[in-house]
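Structure first, then comments.
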Amino acid sequence: MEQLNQTSPQRFLLLGLSNVPHLQVIIFILFLIMYLLTISGNLLLVIIVRINPKLHSPMYFFLTNLSIIDICFSSSIVPVVIINTLAKDRSISSLGCATQMYISLAMGVTESLILAFMACDRYAAICRPLHYNIIMNKTLCHYLVAGAWTVGFVNSFVQVYLAFQLPFCNCPNINHYFCEVPAFIRMTCGDTFLIELSIYITGGIFVASSFYLILFSYFHIISKILKIISSQGIQKSFSTCASHLTAVILYYGTVMFMYLRPQSKKYSHHPSKTDNIVPIFYATVTPMLNPFIYSIRNKDVKNTFINQLKKKRHTG
C-alpha cells in the first residue's frame with residue numbers, strides 16, 4: 001500500500017520533458033526562442049495599437065488584452081521550463097507551484113472569454129454594420145474585459161485551492177514540465193471527485209460556452225458573407241475574420257483535446273507523451289503566434305510598424 005502524505009509538501013519535483021542531454025539542449029534553445037518571440041511580438045503589438053489612432057477600436061482593445069494574457073501565460077510557465085531543462089535541481093516550491101498554476105489557469109479562462117468577445121465583435125461589424133458603434137460601445141467593451149479577468153481569477157482561486165487539498169502519494173513528483181491541474185490529479189492517492197467536477201463545470205460554463213458562442217457568431221458571419229455579390233467584398237470580409245479563426249482553432253483545438261477527453265485517459269497515473277506535448281501548443285506556441293497572425297493579416301498594423309522604423313532611421 002502507498003503511504004499518503006496528508007500535509008502539502010514543501011517542494012514538488014518537475015520531471016520535465018526529457019533527461020537526454022542533447023535533447024535538453026534542443027528543448028532549451030527552442031523554448032528560449034519561442035519565449036523571446038512571444039514577449040517581443042506581443043509587446044510590439046500592444047505598442048503599435050497604442051500609438052496608432054486607427055487601431056483604437058473594440059477589436060484591437062480585445063487584442064491588446066489578448067497580448068497581455070499571452071505574455072502573462074507564457075511568463076508563468078516558460079522561464080521555469082528553460083531553467084529546469086539544464087538545471088540539476090528541478091524542484092519548485094509549493095508557493096511557486098501554486099502561483100504558476102493560479103496564473104496559467106486564470107489566463108486560460110480569460111483568453112477563452114476574450115476570444116469569444118472578439119467573435120461577437122466581428123459578428124456586429126459584419127452582420128450589424130449600421131449599429132456596430134452602438135452595440136460595441138466603449139462602456140460595454142470595458143465591462144466585458146473586466147468581467148473576463150474577474151471570472152478568470154476567481155475560478156483559478158477555486159481550482160488551485162481544491163488542488164492543494166489533495167493528499168499526495170509518497171514523493172510528490174510531477175510528471176510534467178509545469179504545475180497543471182491534470183498533472184496534480186495524477187499524483188494524488190485520494191478522492192478527486194470534487195476537483196474533477198469543478199473542472200467539468202468550469203469547462204462547460206466558460207470554455208465550451210465560449211466556443212459555442214464563437215461557432216454561433218461565425219455561422220451568421222459566413223451566412224452574411226455568402227450573400228455578398230461582389231467577390232472583392234467576400235474576400236475582404238473573409239480576410240477580417242481569418243486571423244481570429246486561426247487563433248481560435250489553435251487555442252481551442254489543443255485545450256479541448258487535453259481537457260475534454262474521457263476521464264480514464266486524461267488522469268492516468270502514467271500519462272502518454274501526448275499529455276506532455278499538447279500543452280506546449282496552448283501554453284507556448286499559441287501565445288507566440290497570436291501577434292504574428294494578427295499583424296500579418298492587417299495592413300494598418302504593418303504600416304504603423306514600417307512607419308515607426310522609417311522615423312527611427314531618419315532620426316538616427
Side-chain angles (χ1 to χ4, degrees), residues 30 34 37-38 41-42 45 58-74 77-78 104-105 107-127 144-145 148 152 180 182 199 202-226 234-262 265-266 273-298 301-302:
L30 286 176
M34 286 192 292
L37 288 174
T38 299
N42 282 288
L45 187 55
M59 183 64 176
Y60 285 94
F61 174 64
F62 293 136
L63 181 56
T64 300
N65 278 270
L66 186 64
S67 291
I68 294 170
I69 290 167
D70 286 338
I71 290 171
C72 295
F73 200 171
S74 185
I77 296 171
V78 181
S104 61
L105 280 172
M107 296 304 102
V109 171
T110 306
E111 181 160 344
S112 297
L113 295 172
I114 293 294
L115 287 171
F117 298 153
M118 291 170 73
C120 293
D121 175 82
R122 292 301 85 202
Y123 167 78
I126 294 173
C127 299
L144 289 174
V145 168
E180 193 176 26
I199 289 173
T202 300
I205 295 176
F206 303 123
V207 179
S209 62
S210 296
F211 181 66
Y212 289 128
L213 181 60
I214 291 170
L215 292 181
F216 173 82
S217 298
Y218 276 99
F219 173 79
H220 287 279
I221 289 170
I222 292 170
S223 298
K224 181 72 174 181
I225 290 173
L226 293 177
I234 293 175
Q235 185 179 2
K236 183 178 179 181
S237 298
F238 267 119
S239 178
T240 60
C241 302
S243 57
H244 184 220
L245 277 173
T246 304
V248 166
I249 291 169
L250 281 171
Y251 181 74
Y252 280 98
T254 52
V255 169
M256 293 176 73
F257 175 84
M258 191 66 185
Y259 283 89
L260 298 183
R261 287 180 295 161
K265 292 183 179 180
K266 183 170 61 174
K273 291 182 180 179
T274 307
D275 292 321
N276 285 339
I277 293 173
V278 170
I280 294 175
F281 288 92
Y282 59 77
T284 308
V285 176
T286 302
M288 176 189 68
L289 293 179
N290 275 343
F292 298 101
I293 289 171
Y294 286 100
S295 60
I296 289 172
R297 300 294 304 182
N298 189 281
V301 172
K302 289 188 288 186

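Excluded from the calculations below are hydrogen atoms, water molecules and symmetry mates; all remaining heavy atoms, backbone and side chain alike, are included. Nothing fancy with the numbering, it's 1 onward along the sequence.
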Going by side-chain hydrogen bond (donor to acceptor under 3.5 Å, both in side chains), name the residues that satisfy it together with S210, two or more places apart in sequence or in a different chain.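 Expected list: none.
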Side chain to side chain contact (heavy atoms under 4.5 Å, CB included) involving [X] - partner list, sequence neighbours excluded:
{"X": "Y212", "result": "A208, L215"}
{"X": "S67", "result": "N42, L45, V46"}
{"X": "L37", "result": "I33, M288, F292"}

Restricting to non-hydrogen atoms, name the atom on [X] and the atom on [Y] that form the minimum distance, rounded to 0.1 Å.
{"X": "M118", "Y": "F62", "value": "CG-CB, 3.5 Å"}
{"X": "P291", "Y": "G41", "value": "CB-O, 3.5 Å"}
{"X": "I221", "Y": "A119", "value": "CD1-O, 4.2 Å"}
{"X": "M107", "Y": "I69", "value": "O-CG2, 3.6 Å"}
{"X": "P58", "Y": "D121", "value": "CB-OD1, 3.3 Å"}
{"X": "I77", "Y": "S104", "value": "CD1-CB, 4.0 Å"}

Any chance you could measure [X], atom [atom1], to [Y], atom [atom2], to the nearest 0.5 Å?
{"X": "F73", "Y": "L66", "atom1": "CZ", "atom2": "CG", "result": "11.5 Å"}
{"X": "T254", "Y": "I277", "atom1": "OG1", "atom2": "CD1", "result": "13.0 Å"}
{"X": "I214", "Y": "R122", "atom1": "CD1", "atom2": "CZ", "result": "13.5 Å"}

Could you go through N290 and E111, starting from their C-alpha distance and side-chain angles, then the distance that decides it, and tell me whether this counts as side-chain contact (heavy atoms from CB on, under 4.5 Å)? CA-CA 12 Å; N290 275 343; E111 181 160 344; 3.8 Å; yes
Contacts of type ring-ring contact (aromatic ring centres under 6.0 Å, His included), residue F211, not counting sequence neighbours: Y252
Under the ring-ring contact (aromatic ring centres under 6.0 Å, His included) test, residues paired with Y123 that sit two or more places apart: H220
Please confirm whether the backbone N or O of I71 pairs with a side-chain atom of S74, one donor and one acceptor, at under 3.5 Å? no
Sequence neighbours excluded and cut-off under 3.5 Å, please list the side-chain donor-acceptor pairs for residues 278-287, or say none.
from, atom 1, to, atom 2, distance (Å)
Y282, OH, E180, OE2, 2.4
T286, OG1, F281, O, 2.8

